[in-house]
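Note that the numbering runs from 1 along the sequence shown for the chain. Heavy atoms only: backbone and side chains are in, while hydrogens, waters and symmetry mates are out.
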Amino acid sequence: MKKIQKPTEGEYAPYAITYIDLVSAGRLLVISHLQENLISTPEFIRSFPPEKLATPWKSGEWTIQENPGSYH
């Protein structure tokens, strides 16, 4: 199996370090994180009031309700 080296700072967006660190810490942490997100993300989206789901963040943009993966 080919190993890929950890990217150096500047090769990724700053927010991505959260996920890069999960990979560096071990594969099981990544899988666990993804499994937790499968539960927490839909729960979070369902906590929004209906009018928030139907309101775009900016005029002409999509709404959470229009996003096919929004779990509403």
Side-chain angles (χ1 to χ4, degrees):
M1 175 186 284
K2 181 179 178 182
K3 285 194 170 193
I4 299 172
Q5 297 298 315
K6 180 178 178 178
T8 58
E9 194 171 329
E11 292 184 319
Y12 54 86
Y15 69 85
I17 192 64
T18 302
Y19 307 102
I20 292 168
D21 284 346
L22 287 172
V23 173
S24 299
R27 183 175 179 275
L28 292 179
L29 285 179
V30 174
I31 292 170
S32 174
H33 183 72
L34 291 171
Q35 288 172 331
E36 289 170 15
N37 279 345
L38 281 173
I39 296 168
S40 65
T41 301
E43 287 175 352
F44 174 67
I45 291 171
R46 284 189 212 106
S47 73
F48 288 20
E51 63 274 6
K52 192 76 158 176
L53 295 173
T55 305
W57 68 274
K58 181 179 169 185
S59 181
E61 294 292 330
W62 55 271
T63 67
I64 295 172
Q65 193 171 13
E66 293 171 335
N67 183 339
S70 68
Y71 310 97
H72 52 82

Tell me every residue that passes side chain to side chain contact (heavy atoms under 4.5 Å, CB included) with [X], counting only those two or more places apart in sequence or in another chain.
{"X": "Q35", "answer": "I31"}
{"X": "L34", "answer": "V30"}
{"X": "T55", "answer": "none"}
{"X": "E11", "answer": "P7, T8"}

Between [X] and [Y], what is the shortest heavy-atom contact and its length?
{"X": "E61", "Y": "E66", "answer": "O-OE1, 4.3 Å"}
{"X": "L53", "Y": "T63", "answer": "O-CB, 3.3 Å"}
{"X": "P42", "Y": "I39", "answer": "CD-O, 3.4 Å"}

Contacts of type ring-ring contact (aromatic ring centres under 6.0 Å, His included), residue F48, not counting sequence neighbours: F44
Enter the distance from N37:CG to E43:CD here, rounded to the nearest 0.5 Å. 11.0 Å
CD of Q65 to CD of E51: how many Å apart, nearest 0.5 Å? 11.0 Å
